[in-house]
Each structure stands twice: as structure tokens, then as C-alpha cells.
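Atoms within a ligand are numbered from 1 in the order they appear, just like the ligands themselves. Small disclaimer: the values here were computed from a predicted structure and weren't measured.
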Amino acid sequence: MDHIEQTIKLARSTNCQDDKNFFQALQEVLISIKPLIAQHPEYLDHNILQRIIYPNREIRFKIEWLNDNNQTQVNNGYRIQFNNALGPYKGGVRFHPSVNPDILKFLAFEQIFKNAITGLHIGGAKGGSDFDPKGKSDKEIMKFCQAFMTSFYNSVGSDVDILGGDIGVGEREVGYLFGQYKILTNTYGSIITSKPLSLGGSQGRSSATGFGLIYFTQKLLEDQNETLKGKICTISGSGNVAIHAIEKLYEMGAVPVTCSDSRGAIHDSNGIDLELLKKIKLERRASLEYYAIERKNATYIKRENYDEGSNYVWEVPCFAAFPCATQNELGKKCAQTLIDNDVKIIAEGANMPTMPDAIDLFVKHNIIFAPAKAANAGGVAVSVLEMSQNNSLNYFSAEEVDKKLQNIMSNIYIHIKKTCDEYDLGMDLISGANILGFKRVADAMIAQGV
Ligand code: NDP
């Protein structure tokens with residue numbers, strides 16, 4: 001048994017065994033760095049494998065808050081501060097009923113390597129709560145955010161751990177979290193990103209993940225003498241990442257024809273009506289079924305039961321598929337349908353949306369696969385710009401941020417491709433990304449000593 005297999009066995013037999021999502025992410029990273037470990041025995045001498053699979057700190061806290069009927073509500077809160085070898089912890093906060101320590105541990109683990117790949121000096125973390133923002137009044141959202149921060153502000157700091165947005169946490173929630181931190185500490189530190197512009201947020205932060213995903217895809221396609229122009233694209237999700245991916249696809253001349261939410265999916269063969277989508281999801285915060293009521297030619301498929309890995313949008317023939325909703329939303333059966341329909345590229349906007357057996361199938365059929373930790377890194381990259389603008393008080397225009405984002409996404413692709421060439425990996429961008437990220441973190445860990 002080699003060192004990688006021993007580490008996987010160790011992870012399985014210790015604290016990772018019940019953490020299905022975390023174990024899935026961990027196994028993928030460890031297996032793909034085998035060629036790196038073979039060339040760098042110093043990583044074994046410094047026991048980097050064992051040191052990197054355990055989080056530095058797992059914080060768990062109780063959140064008590066009052067709803068509009070003055071009833072006391074209780075939720076669980078978490079923060080996984082996984083690795084800070086490269087810089088202060090950085091990662092989003094998620095509010096969704098599915099949040100649990102396993103999901104956050106996997107997201108924090110992925111965040112370490114994603115942040116490393118950007119070349120920026122930030123560590124990896126993730127946090128959140130099982131609180132469900134759906135159906136809550138604005139006042140209830142504010143009270144919950146204040147209670148969340150009150151329970152946890154001692155572990156946050158602009159050179160300790162910087163929070164950000166994620167599922168269920170947009171500018172409104174970020175604003176309330178920041179406001180409470182300011183009251184509790186009497187400081188205006190850059191402890192959270194994705195802030196509204198009125199609180200020192202960066203131009204272009206809200207669109208950065210979705211736009212970055214399409215810039216990355218464009219760069220990759222350029223390398224294959226291909227383009228998105230005139231191509232049918234399918235997208236899942238209808239939140240921040242999906243909406244901005246759709247917007248940028250239109251700018252590239254592509255035709256995005258699907259979107260989805262937790263209750264159903266839309267297929268609009270004429271192209272998604274972006275203004276209508278924004279009105280329904282961002283202004284009214286309503287279900288996508290209203291899209292089909294207002295746009296008669298569109299088809300709405302209601303999601304009857306939750307079946308992991310399935311989504312109607314993957315049944316629609318397309319050139320490129322962009323999963324942008326949540327983890328494990330594209331399984332083997334859907335992957336086979338996409339392949340049968342001659343898909344050319346999968347680019348992940350969400351974190352770990354593609355299940356391992358679906359990835360295997362894409363790889364087997366030589367479908368280009370752009371993994372989340374590279375393709376959706378635009379959000380965290382612009383978050384670091386936001387931190388640097390807050391600290392220097394020197395703010396960039398929307399055009400400047402967009403230009404920097406394009407450069408960052410292009411460089412991420414170039415560095416991953418270079419790594420693929422160095423290790424003879426062809427277009428295996430998953431292994432290329434994992435090796436690049438792992439190497440940067442491991443080198444920083446060795447340089448710091450134990
Ligand atoms: P949003 O909350 O804005 O949107 C999430 C979308 O996914 C909504 O359409 C939501 O449906 C749907 N969704 C959420 N959970 C489920 C589920 N269990 N089953 C089916 N659909 C679901 O989140 P974001 O767009 O910000 O994030 C989407 C993904 O991108 C996540 O994986 C996130 O971690 C990742 N990401 C986000 C970044 C960012 O900058 N925002 C940065 C990097 C990664 P509904 O409307 O019904 O809730």
C-alpha cells in the first residue's frame with residue numbers, strides 16, 4: 001500500500017468516515033496528486049499528507065434568535081478553519097437547511113486548493129448554518145444574521161478569518177453580518193467580502209463567480225480552437241452564479257436555454273429571458289414556475305422528489321453544460337445523457353456539483369471537464385481585491401475589476417495547463433488543478449516548520 005492509499009485508509013478510519021462529501025473530495029485530491037508525491041519525497045518527510053487532511057479548527061455554535069411572533073428559534077452554526085498556511089482563512093458562509101459539518105468540511109477543504117490556485121495569499125475555510133432563509137421576513141433575516149455574528153465574532157478578524165457569501169448569503173445578509181461585527185467590536189475591519197457597495201464592497205464582486213466561470217471556459221476553448229459563439233448551453237441553478245453565467249454567455253454570443261431551482265427546472269429554447277429571471281429570483285425571491293406562467297413558450301418541469309444527481313436540465317442537448325446550483329447535482333445517468341447528446345465541455349460553477357462516477361464517465365469519453373476549484377475561483381479572487389481596496393482605501397472601477405478578473409481566470413487556466421503538460425496529464429484539468437494547489441500549500445507548510 002502506498003502513502004496515498006495509507007492516508008485514505010487513515011482518513012476513512014478516523015474522523016472522516018461519516019463525512020461522505022468530505023471523504024469524496026479528499027479522495028479525489030489525494031489520488032490525483034500521486035505524480036506530485038512521486039517527484040517530491042520531501043512532502044512525505046514532512047508528513048504533509050496526514051497534516052493536510054485534518055482541519056486546524058472546527059467551530060460549532062448555537063444561534064438563538066426571535067422570529068416575528070417573538071418566539072425563540074434555535075439553529076446550529078459552524079465554521080471550519082481548515083488550513084491557513086498561505087494566509088488568513090477565507091471562505092464563504094452558507095445558510096441552507098442542508099448545512100451540516102460534513103458539507104462545510106468538504107467546502108472548506110476544496111477552498112484551500114481553490115484559493116491556492118488563484119496565486120493569492122489566503123487560506124481555506126467555510127461556515128454556515130442550517131437556518132432556512134426561505135419565507136423569512138427581512139427583519140427575521142436581520143435578527144438571525146445578528147445572532148449568528150454575536151455567537152461567533154471572536155473567531156473572525158481581517159488577518160484571522162474573512163467571511164464571504166455563498167448559498168443563501170447575498171449582499172443583504174453580508175451587510176447585516178458586517179453591521180453586527182462593527183457594533184460588537186467597534187471596528188470597521190475587512191472581515192467579510194461580497195459587501196454592498198455602500199459598505200465598501202467591490203464593483204463586480206456579485207458577478208465575479210459567474211463571469212469568471214465563462215472567462216475560464218472561453219480561455220480553455222480558445223486553446224482548442226473553439227468558441228462559445230452561437231452554441232447552446234445548459235445551466236442549472238438560478239442564483240448568483242447561474243444568473244451571472246447566463247448574462248456572460250449572452251455577451252459571448254452563446255444561447256443559454258435552461259435554469260433551475262430547488263423546486264423545478266426551466267427549458268426555454270429561445271434562450272432564457274434574463275430580465276424575467278432576475279425579477280423572479282432576485283426581486284420577488286419566488287419559484288421558477290412563475291417564469292413559465294409569464295413566458296408561454298418555456299417548459300417548467302416540477303421536481304417531484306429529491307433524487308441526488310438528477311436534474312431535468314441535463315436532458316437538454318447542448319454544446320456546454322454549466323452546473324451552478326449545488327453539490328452532487330449531476331450524476332452518472334445524467335452524464336450519460338449529456339454524452340449521448342454530444343456535449344463537448346462541462347464547466348463547474350457550483351462546488352463539487354458533479355458526482356465521482358459522472359466525472360469518470362466524462363473523462364472516459366474525453367469530454368473536457370473544468371473543475372470548480374479552477375472554474376469558479378473568480379469569486380474569491382475578486383473578494384481578495386475587495387479586501388485590498390478596503391485596506392488601501394483605493395477603489396477600482398467596474399472596468400478595472402473586470403479586466404483583473406479576466407487576467408486572473410486566464411492565468412489560472414495557463415498555470416493548470418502548464419502543470420498538466422509538466423506531469424503529462426493531457427487535458428486532465430482536475431489533476432492539474434489539484435497538483436498546482438496542493439504544491440503551493442505544501443511548500444508553504446514546509447517553509448513554516450511544524
Ligand atoms: P444562491 O443561493 O444564489 O443560488 C443557489 C441556487 O441553487 C438557487 O437556484 C437554489 O434554488 C439552488 N439550490 C440550492 N440548493 C439546492 C439543492 N439542494 N437542490 C437543488 N437546487 C438547489 O447561491 P450561489 O449562486 O451563490 O451558489 C451556487 C453554487 O456556487 C454553490 O455551490 C456555491 O458554493 C458555489 N459558489 C458560489 C460563489 C459565489 O460567489 N456566490 C463562489 C464560488 C462558488 P432556490 O432558489 O430554490 O433556493
Side-chain angles (χ1 to χ4, degrees), residues 21 25 90-100 103-104 106-108 110-111 114-115 117-118 124 126-128 130 132-136 163-174 193-194 201-202 204-213 216 235-246 258-266 277-278 280-282 284-291 302-303 305-313 322-331 347-354 371-384 386 405:
N21 289 283
K90 174 82 192 92
V93 172
R94 178 177 290 194
F95 292 163
H96 194 272
S98 64
V99 163
N100 60 41
I103 298 274
L104 294 178
F106 119 68
L107 288 165
E110 290 285 288
Q111 195 80 40
K114 180 191 306 188
N115 293 356
I117 286 167
T118 61
K126 201 81 183 189
D130 52 12
D132 186 358
K134 280 208 184 87
K136 303 290 190 299
L163 317 180
D166 194 74
I167 291 179
V169 179
E171 282 191 359
R172 174 181 60 164
E173 292 75 14
V174 165
T193 57
S194 301
S202 173
R205 170 59 189 91
S206 60
S207 56
T209 308
F211 283 10
L213 169 70
F216 184 89
I235 296 96
S236 65
S238 52
N240 178 293
V241 179
I243 284 176
H244 291 106
I246 291 172
T258 66
C259 59
S260 67
D261 63 14
S262 49
R263 284 165 281 189
I266 287 287
L277 180 64
K278 282 184 179 173
I280 290 170
K281 294 311 287 188
L282 302 182
R284 292 192 225 153
R285 297 179 191 266
S287 154
L288 274 180
E289 65 190 295
Y290 292 99
Y291 182 101
K302 194 170 162 31
R303 187 175 196 160
N305 334 304
Y306 182 72
D307 183 11
E308 198 173 55
S310 80
N311 191 329
Y312 166 72
V313 300
F322 298 92
C324 295
T326 191
Q327 64 276 351
N328 291 333
E329 51 157 327
L330 200 175
E348 295 185 318
N351 285 314
M352 207 172 76
T354 318
K373 57 173 80 71
N376 76 13
V380 74
V382 173
S383 286
V384 175
E386 180 175 335
L405 175 65

Just jot down the ligand 1 atoms closer than 4.0 angstrom to any heavy atom of Gly168, in number order.
2 (O)
Under 4.0 Å from a heavy atom of Lys134: which atoms of ligand 1 are those, numbered in the order shown and with their elements?
45 (P), 47 (O), 48 (O)
Any N or O of Asn351 closer than 3.5 Å to N or O of ligand 1:
yes
If every non-hydrogen atom of Ala265 is compared with every non-hydrogen atom of Val313, which pair is closest and at what distance?
CB-CG1, 3.9 Å
With only distance considered, is Arg263 within less than 3.5 Å of ligand 1 through an N or O on each side?
no
Is the backbone of Asn328 close enough, under 3.5 Å, to the side chain of Glu308 for a donor and an acceptor to pair up by distance?
no
Counting only nitrogen or oxygen atoms and a 3.5 angstrom limit, does Ser238 reach ligand 1?
yes
Between OG1 on residue Thr209 and CG on residue Asn240, distance to nearest 0.5 Å:
6.0 Å
Would you mind finding which of Ser262, Gly170, Ala372, Ser206 brings a heavy atom closest to atom 21 (N) of ligand 1?
Ser262
Answer side chain, backbone, both or neither: which part of Ser260 comes under 4.0 Å from ligand 1, heavy atoms only.
backbone
Using atom types as modelled and distance alone, determine if a side-chain donor or acceptor of His96 lies under 3.5 Å from a backbone N or O of Gly168.
no
Return a yes/no value for Val241: is any of its N or O atoms, backbone included, closer than 3.5 angstrom to an N or O of ligand 1?
yes
At under 4.0 Å between heavy atoms, which part of Arg303 makes contact with ligand 1: side chain, backbone, both or neither?
side chain
Enumerated ligand 1 atoms positioned under 4.0 Å from heavy atoms of Arg205:
40 (O)
Quick one: which of Ala350, Ala242, Pro353 has a heavy atom closest to atom 30 (O) of ligand 1?
Ala350
Any side-chain to backbone donor/acceptor pair from Thr258 onto Ile266? Under 3.5 Å, distance only.
no
Go through the steps for Glu171 and Ser194 under the test side chain to side chain contact (heavy atoms under 4.5 Å, CB included), then give the verdict.
CA-CA 6 Å; Glu171 282 191 359; Ser194 301; 5.6 Å; no
Could you tell me whether Met352 approaches ligand 1 through its side chain, its backbone, both or neither, with non-hydrogen atoms closer than 4.0 Å?
neither
Under 4.0 Å, heavy atoms only, figure out whether ligand 1 is touched by the backbone of Gln327, its side chain, both or neither.
neither
So is Cys324 touching ligand 1 or not, going by heavy atoms under 4.0 Å?
yes
Residue pair Asp130, Asn100: steps toward the side chain to side chain contact (heavy atoms under 4.5 Å, CB included) verdict
CA-CA 7 Å; Asp130 52 12; Asn100 60 41; over 6 Å; no
Atoms in ligand 1 with a heavy atom of Lys281 nearer than 4.0 Å
46 (O)
Taking only distance into account, with no hydrogens and no angle test, what donor-acceptor pairs under 3.5 Å do side-chain atoms of residues 371-382 form with protein atoms, sequence neighbours excluded?
unit_1: Lys373; atom_1: NZ; unit_2: Glu28; atom_2: OE2; d: 3.4
unit_1: Lys373; atom_1: NZ; unit_2: Glu110; atom_2: OE1; d: 3.4
unit_1: Lys373; atom_1: NZ; unit_2: Asn434; atom_2: OD1; d: 2.7
unit_1: Asn376; atom_1: OD1; unit_2: Lys114; atom_2: NZ; d: 2.7
unit_1: Asn376; atom_1: ND2; unit_2: Gly349; atom_2: O; d: 2.8
unit_1: Asn376; atom_1: ND2; unit_2: Ala350; atom_2: O; d: 3.4
unit_1: Asn376; atom_1: ND2; unit_2: Asn351; atom_2: OD1; d: 3.1

Report yes or no: does Glu173 contribute a side-chain atom to a donor-acceptor pair with the main-chain N or O of Gly165 at less than 3.5 Å?
no
Mode of Arg94 contact toward ligand 1 - side chain, backbone, both, neither (heavy atoms, under 4.0 Å):
side chain
Does Asp261 have any side-chain contact (heavy atoms from CB on, under 4.5 Å) partners at least two apart in sequence or in another chain, and if so, which?
Ser238, Arg263, Lys281, Ser287, Leu288
Which ligand 1 atoms does Asn376 reach within 4.0 Å, using its non-hydrogen atoms?
43 (C), 44 (C)
Name the option, out of Gly239, Gly237, Ala325, that contains the heavy atom nearest to atom 28 (C) of ligand 1.
Ala325
Would you confirm whether Asn115, through its side chain, and Lys90, through its main-chain N or O, come within 3.5 Å as a donor-acceptor pair?
yes
Region of Asp261 that comes within reach of ligand 1 [heavy atoms, distance under 4.0 Å]:
both
Return yes if a side-chain donor-acceptor contact under 3.5 Å exists between Glu329 and Ser236, otherwise no.
yes
For Asp166 and ligand 1, does the shortest N/O to N/O distance drop below 3.5 Å?
yes
